[in-house]
Amino acid sequence: MNSALGRLRLVGYLEGTSFLLLLGVAMPLKYVWNVPEPVTVLGWLHGLLFVLYLLAAVHATIVQRWPLLRLLAAVIASLLPFGPFVFDARLRRAS
């Protein structure tokens, strides 16, 4: 993962996974079983990965000379469950 695109893919995978764990595991633990600690830990981790994903997307945009619409697609993907995985699949098809 020495390239800007490789870093974006790695961070996207981690960010997408952390988002799914936050929504699918930590949130039910907090609101169904009254166990808030996983939301605190996963929420913090997801926030860090979210920021890293956005920085990696900007870096990839600069290095790869992507149009701003592709950067916008990466940002929108980061806000949706499974979004980073779909964005990565589309990047792989475009390569």
Side-chain angles (χ1 to χ4, degrees):
M1 301 297 150
N2 291 331
S3 69
L5 193 54
R7 279 188 292 279
L8 176 62
R9 287 183 168 145
L10 174 63
V11 175
Y13 177 80
L14 295 173
E15 191 270 340
T17 301
S18 73
F19 191 29
L20 293 176
L21 287 172
L22 184 62
L23 293 176
V25 176
M27 299 288 282
L29 283 172
K30 179 177 181 176
Y31 292 108
V32 176
W33 291 286
N34 200 28
V35 181
E37 293 82 7
V39 168
T40 302
V41 173
L42 273 173
W44 186 88
L45 178 63
H46 172 67
L48 175 66
L49 289 168
F50 176 77
V51 170
L52 289 175
Y53 179 80
L54 294 179
L55 290 173
V58 168
H59 185 240
T61 299
I62 293 167
V63 170
Q64 298 288 323
R65 296 177 185 224
W66 286 345
L68 288 180
L69 280 176
R70 189 170 290 172
L71 175 61
L72 180 61
V75 171
I76 292 170
S78 72
L79 302 173
L80 302 172
F82 299 100
F85 307 114
V86 173
F87 182 72
D88 181 58
R90 291 185 183 221
L91 283 180
R92 288 184 187 273
R93 269 189 264 140
S95 300

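For the residue pair Ala74 and Ala57, the shortest heavy atom distance occurs at CB-CB, 4.0 Å. The two atoms that bring His59 and Ala4 nearest to each other are ND1-CB, 3.4 Å, heavy atoms only. Smallest separation of non-hydrogen atoms from Pro84 and Ser78: CG-CA, 4.4 Å.
How far CG of Leu54 is from CD of Glu15: 7.5 Å, rounded to the nearest 0.5 Å. Summarising the geometry, atom CZ belonging to Arg70 is positioned 12.5 Å from atom CG belonging to Leu72; distances are rounded to the nearest 0.5 Å. Taken to the nearest 0.5 Å, the OG atom of Ser18 stands 5.5 Å off from the CG atom of Leu45. Note that CG of Leu22 and OG1 of Thr17 are 12.5 Å apart. Values are rounded to the nearest 0.5 Å. Considering CD of Glu37 and CG of Leu42, their distance stands at 12.0 Å, rounded to 0.5 Å. With rounding to the nearest 0.5 Å, the separation of CG in Leu20 from NE2 in His46 is 9.5 Å.
Leu29 has its side chain out of reach of Val39: every pair of non-hydrogen atoms, C-beta onward, lies at least 4.5 Å apart. Looking at Leu91 and Leu8, their side chains come closer than 4.5 Å, going by heavy atoms from C-beta outward. Looking at Leu23 and Pro81, their side chains come closer than 4.5 Å, going by heavy atoms from C-beta outward.
Environment of CG in Leu79: crowded, with over 12 heavy atoms of neighbouring residues, nucleotides or ligands closer than 6.0 Å.
Ala77 is linked by a side chain to side chain contact (heavy atoms under 4.5 Å, CB included) to Tyr53, Phe87, counting only residues two or more places apart in sequence or in another chain. The side chain to side chain donor-acceptor pair (under 3.5 Å) search around Thr61 returns none, not counting sequence neighbours.
Val32 and Val41 end up in different hydrophobic clusters when Ile, Leu, Val, Met, Phe, Trp and Tyr side chains are linked at under 4.5 Å. No path of Ile, Leu, Val, Met, Phe, Trp and Tyr side chains, each step under 4.5 Å between heavy atoms, connects Leu80 with Val25, placing them in separate hydrophobic clusters.
The aromatic rings of Tyr13 and Phe85 sit perpendicular to each other, their planes meeting at more than 60°, with 30° as the lower class boundary.
Results of the side-chain contact (heavy atoms from CB on, under 4.5 Å) test with Leu52 over Val11, Leu10, Leu14 single out Val11 as the only residue that passes.
The salt bridge (charged side-chain N to carboxylate O under 4.0 Å, His left out) analysis of residues 79-95, with sequence neighbours excluded, yields the pairs Arg9-Asp88, Asp88-Arg92.
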